[in-house]
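Presented below is the structure to which this report refers.
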Amino acid sequence: MTTPTLDAPDMTATLLEARGLTKHFPVHGAVRGAGRRVARRRGSGPVVHAVDDVSLALRAARVTAVVGESGSGKSTLARLLAGLITPTAGELLLDGRAMARSRRRRLDYAKTVQMVLQDPFASLNPIHDVHYHLSRPFKVHGLARSGADLDGKIAAVLERVALTPADAYLHKYPHELSGGQRQRVAIARALAVQPRVLLADEPVSMLDVSIRLGVLNLLADLRDSEQLAILYITHDIASARYLADTIIVMYAGQEVESGPAVHVTDTPAHPYTQLLLSAAPDPERVTAVTLRGAGAPPSAVAPPSGCRFRLRCPHAMPICAERVPPAFPAGDGHVSACWLLDAGPKSPAVTTRAGTPEPPAVSSCQLVRPITGEDAPDLGEER
Amino acid sequence: MRVIARRLFFYAVTAAIAVTIDFFIPRLIPGNPVQAILSKIQGQLPSKATIHALDLQFGVNTTASLWSQYTHYWNNVLHGNLGVSTMSYPDSVGSLIRAALPYTLGLVGVATLISFVLGTAIGAIVAWKRGSWLDNLLPVVTFFQAAPYFFLAFVAVNLFAIKLGWFPSERASNVADFPAFTWTYISDVLYHAILPALTIVIASAAGWIVGMRNVMVTTMDEDYVLIAAAKGLSKRRVIWYAARNAILPSVSGFSLAIGFIVSGSLLTEIVFSYPGLGNLLLQAVSNNDYQLMQGLFLIITFAVLAANLIADFVYVFLDPRTRQEA
Amino acid sequence: MSGDRLLEIRGLCVDYGHGPDAVHAVTDADVVLHRGEVLGLAGESGSGKSTLVMAATRLLRPPGVITGGAVRLYPAVGTEVDLLEADYDVLRVLRWSQVSLVLQSAMNALNPVMTIRVQLTDALAAHQPHLSRQDRHARAVELLEMVGINSDRLSSHPHELSGGMRQRVMIAMALALQPQVVIMDEPTTALDVVTQREILEELKDLRDQLGFAILFITHDLSLLIEIADAIAVMYAGRLVERAPASALFRAPRHPYTLGLLSSFPPLHGPRTPMTGIPGSPPDLRALPSGCVFHPRCRFAFDKCAVQAPPLAVVGASNDRLAACWLQLGDGPAPAELALREPDLTEPTASANGTQTSSGPTGRPAPTERPAPTGVPERAADHEEPVQQGSTA
Amino acid sequence: MALGIGTEPTAGSGAMPGGSLPGTARSRPRAVRLPRSPKILAGLAMLAFFLLWSIIGPFVAPYSPNNIGLNSPVPLPPSAAHWLGTTNIQQDVFSQLLVGGGAMLLVAVVAGVIATALSVIVGVTAGYLGGLADDLLSMLANIFLVMPALPLLVILFGFLGKSGSNDVFLIGFIISITGWAWGARVLRAQTLSLRNRDYVDSARIIGERAWRIIFAEILPNLTPIVASSFLFTVLYAVGTYSAMAFLGMVTLPPNWSWGSMLFQAATNNAELSGYWWWYIPPGLLIALLGTSLVLLNFGIDEFINPRLRAAGLSRRTGSRRQARALRSQQFALTPVLIEAAGAAATGPAPTGGSVRAGGPA
């Protein structure tokens, strides 16, 4: 996808931008149990297409959500953005400048881009206390002038994640904290260097339901008060809708749809997004669910040609197998990589899933319930 | 079968390294090994041929390059030529080993098999009956795990052979040195093997018991064992479900154990004056027969590698996940 | 759903460990499952929902100990069985033939070294020894096809199947003996959302065909509301509310249920800030006095800290229970906890009718909100920003 | 000198007790603090005893171990003068025992330290670096693991000659060469899993350097495994040194060790002639020293994988009936312990209100 992802009338500064980011992992001849890995030469052999040609821009004071199932490459994307792994292709621009590999630049990058990982029970080292965890970023980046200065800064950052009084937490070990508190410590550690970009990889999926919103609200608060650009990775499209300004939907390593959060969830243009929404738990659902496009994601080693969703897609057309769909505009900065949109605004994408033909979503901002009918009409003629 | 192919490659490399070690050790140790050996063979007058063979073997008094010595050495090994024993000159090392090998293979092989089966079964039961009196077995097992094989052999000889007189205390048979395969001979051999085998089993089963118990305890926490019980299967079948999985680490840890068991068994043979490789090793040591020692090292290494290969086959047979082609 | 009771759990208490260090994981729990009913058991991690069910079936592992209560199973034929009195052999007969089990991770619940065929037929062999090998094979084929898996998978091992297929095999296994009760402990939590939906839909169909009852354990209340007939909510080892699913969603009676419902962001409607529940679930070894939820409850008043409320019938209908002093006549319940229930005689119609007015969770609320009296002052005191919550 | 097979701590280190009980799982004790299990206490006590024995043994020995005393053609049984009797050349067995512990323990500790250092270096490097370095180092470790140590050591000792094979540090070094691989393999596996832990990634994200991640984030978490691997190597060295002495590869006198006492006893057919006082005490001491190490290792295993602890339930129960009920518990049969006098003993909630919980009747 070469089309800019975000055309939204959103004028805050772009902090971190990814262009054509691609990550292929070599397939190891890994056999569980007895075997050992066989070293593989670079460039030969099959690869896992974890992330393929993804472009996105993280803007100040905006939350961008990446939604997808496991294996869709969303976590790999976050790790690419964090600099934990190096991309196979594509570039990463911080404030418009490409990222360099020197230690100096690496530290600069770490000072600007921070990350919170999924499992708060794993992201804090069990042998270190809270004080140690929070002192490291200050020490690594030389941000504290003295011990007293350091302690003051640690107390301040704990306060920012609402762990007060700080003294009550400083000398606790991770196992003495609850899941929510641990995740707040992890966020505090990320905030210590006063980054401008925060990558959050499923930050609440391991937390108890009742405390998830607390952490999500904290992120929202940080976005507003610190003008943080936040990348929120999740498999829960409802929470993405709640928190994010922009949603990017990933499927099999590719970006299939993106746009303003409510727009994407209320008028999904890509069949995969529609599938995700119809499958998501919804207490207010009235009628039986009809899944359009059941099945499993394709092999990441040998993904299908053209559109990777086509094997599951209820609307698959010949062109889907031939060419990778580019991002077609779907209104209001909403784009979707689906050939159905090629025909323009009379796309059947939305009506397919509605019992009664509704106005095409792409040209209308009205909130269309994603599922209101049981049987989709036969689309044969419309193709 | 890629797993097996990979293991085969690994064992081939290991065997090659063993041969290389065998080649280099005498060359790396300071001093002239041939002189050292000759000075130790007192009373015998070795022939010129023997001295030349030693020179060649240890790389002294020769103008040949190290590489050609090495290839020569390999050539010898591949042709089964492991040199001449100075101890029982002019017998070749190969012939001495060939005479002793069947005893060791039989004794250690059978004893290892028995101890694995027995130890694994006991370990599974101890884990299953966790919290019962069987837990008290563990400290006892610990003692046997820590006791040297040869000490247990001492006690066994004294108790069962001398005090009780149930078993012979030494040798592999009474009948004849050059056996005919008659029932008398075979039963005699078996009779002689019981006590040493028992010692090896008791000494080595401890490791299997503890290992199996630990894995089994963890395995019993697995959901599939709970499901087996929830299905209303018989207890025996539920235990089997757990044990069938718990046995895998024991099999894959075989390579770790077999070296210990073989070493311990060799020492046990010595106590019983059993005519296997262990006894040969002791004789080689006490007579400073370095060629024999080196030959024994190679043969024992090859035998252990072969045992490992068998264990790998068994593992692949037991674990369907390894059969999957990656 | 008939009123015929199938599994009756009364006053069940379960501890982990014994003696002074024991942790009271489940306290005085009452659950009744009726024939053909889908009963959801909702609660966060550590709420004791799995412990309750596993203990009731005597499958809870050490150091779990049952320290009180009674569990009775009413088989289709024969007399009732007291599961807490039963020994291994009695239970063996009942297990799987009456009560079967589906666990969260099928990867762990299937034996990795045995074929699907063996695992599908072993229960048949154990419970119906008269079946021939061919009969068992035929049944295995039938079971697999029932859950939409080709029978050539019988010779496969679990690692050769995808996650969704494994869970389907688990479900087929659970139905092998046509049990009365299928316990499902987070059966779809480990799956992706699309696979989860596929399996849930399949489960619904199978239930309609075969008529077994499901005890569905999950932390995902929003999912439960869609699939369960009735829902019991647990908190810190106690049942705090039980109600028909739609009633629970439209008109929760316990503040914890209300909080849980407002912890799931909606998929539709305007985006409004939501608060969740302040604080974190309590440590079972240091439970608060009185009502265990009172430190996190914005409606809590004096009595809540002193005395634990019993689980009692609330309102007119017998099928609504809640353990909350607000509902037990000590004062009018706050508006959020006194919403009018949907008409239960016509659940579908009622749900249809309320779809725009929506539930209590920050979305447009339905009509009559009684003017709050008495409690609200305290309630206001407790309305704290979320951040304060984590000071546990 | 056998060892637990398949007890690689990697299997259970991630799993914690009470997985079904998250309320308590949160406060699991994870700080580096050894549990006071009877096994650890017994192991420590025995080890302390042996340490004391080998330090003060030489000073309190009533005779010189080499001293040839009484005039008798056969070993004499225990008497007031010789508490544990004499050898065939009338050396005092008890004195030999007292003197024979030191060298052995020293060799074992030297071997343990060197081998542990080697295994940490190789194992952690391989696990952390991954890739080709890992493949090569793992292969090296596996080669040392499968090659039988005894015949190799015999050759090495043989070529070292008498003087070399009496050098305590040299022996320790040689034994460590054949004993480091197990530890390296376990440490490599564990490092590999730690390397991918979220807290290591988190450290990378805040910009920590690789060496700091290894030393401050990974190594401290390997402490129990390093300790276990050290104990294992010491145990291995005790066994191996005994075996070498038993083969007569350590010169007597002056290098008395319990293994060489067994060598002498064997050479003189003590087991056939019933001179039990000559071979039972040294063998027993070796076994007990080994037992203390195995017990300590058990304790560490249980610390790493708490599921291994013997009993599932606390034994500090009130009544004997309860204790019996708990002990006799079977798998998949949760014990029921309902107090006779009222079932409400456990919960603070009154049972009265819950009677009608049944739903529509």
Side-chain angles (χ1 to χ4, degrees), chain B residues 1-3 120 124 126-132 134-135 212-213 215-252 311-326, chain C residues 50 53-54 57-63 88-116 118-129 155-160 166 169-170 173-174 176-177 179 182-183 185-186 190:
Chain B
M1 292 295 105
R2 270 174 62 178
V3 187
T120 307
V126 171
W128 184 262
K129 299 264 180 192
R130 191 152 62 126
S132 74
L134 277 175
D135 279 347
M212 182 67 179
R213 184 238 172 213
V215 181
M216 183 82 175
V217 162
T218 314
T219 307
M220 274 166 56
D221 269 0
E222 294 286 344
D223 282 349
Y224 54 78
V225 182
L226 188 74
I227 288 283
K231 279 177 171 177
L233 305 185
S234 65
K235 259 182 217 170
R236 196 176 295 185
R237 189 118 179 111
V238 177
I239 297 178
W240 170 243
Y241 268 42
R244 178 70 178 70
N245 283 279
I247 207 171
L248 294 176
S250 284
V251 177
S252 72
D312 286 341
F313 269 112
V314 171
Y315 191 90
V316 169
F317 174 73
L318 288 178
D319 190 350
R321 287 165 290 190
T322 53
R323 275 174 256 157
Q324 190 180 31
E325 294 298 324
Chain C
S50 294
V53 175
M54 297 308 264
T57 47
R58 305 287 300 280
L59 284 169
L60 188 67
R61 279 186 268 231
Y88 192 90
D89 292 323
V90 172
L91 286 171
R92 240 198 85 186
V93 176
L94 297 174
R95 283 181 177 164
W96 224 251
S97 66
Q98 295 290 329
V99 183
S100 64
L101 183 63
V102 176
L103 297 176
Q104 172 172 359
S105 167
M107 189 65 220
N108 302 334
L110 290 172
N111 196 327
V113 299
M114 293 179 177
T115 59
I116 302 300
V118 170
Q119 302 190 55
L120 272 175
T121 53
D122 54 4
L124 290 170
H127 288 271
Q128 300 171 355
S155 316
S156 301
H157 285 90
H159 70 272
E160 294 164 302
R166 283 196 287 263
V169 168
M170 273 309 296
M173 239 164 73
L177 298 174
V182 182
I183 292 167
D185 191 353
E186 307 261 10

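The chains referred to below are lettered A, B, ... by the order of the sequence lines, with proteins before strands, and numbering in each begins at 1. All values below were derived from every heavy atom in this structure, side-chain atoms included, with hydrogens, water molecules and symmetry-related copies excluded.
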Review point. Which bit of Leu318(B) comes within less than 4.5 Å of chain C, counting heavy atoms only: side chain, backbone, both or neither?
Key: backbone
Point to revise | Contact class of Leu59(C) relative to chain B, heavy atoms under 4.5 angstrom | key: both
**Study point:** Heavy-atom pair with the smallest gap, counting every atom of Asn245(B) and Pro112(C)
**Key:** OD1-CG, 3.2 Å
Review point. Top residue by heavy-atom pair count (under 4.5 Å) with chain C, among Met220(B), Arg244(B), Glu222(B)?
Key: Arg244(B)
Check your understanding: Nearest heavy-atom pair of Leu101(C) and Met170(C): which atoms, and what distance?
Key -> O-CE, 3.8 Å
Review point. So which heavy atom on Pro179(C) is nearest to which on Val99(C), and how close?
Key: CB-N, 4.1 Å
Point to revise | Those residues that, when tested against Asp122(C), pass side chain to side chain donor-acceptor pair (under 3.5 Å) (two or more places apart) | key: Lys231(B), Tyr241(B)
Exercise for review: Give every residue pair that meets the salt bridge (charged side-chain N to carboxylate O under 4.0 Å, His left out) criterion with at least one member in residues 88-103 of chain C, sequence neighbours excluded.
Suggested key: none
Check your understanding: Side chain, backbone, both or neither: which part of Gln104(C) has a non-hydrogen atom closer than 4.5 Å to chain B?
Key -> neither
Study note, to complete from the structure: Looking only at Ile183(C), Thr57(C), Val113(C), Leu91(C), the option with the highest number of non-hydrogen pairs under 4.5 Å against chain B is Val113(C)
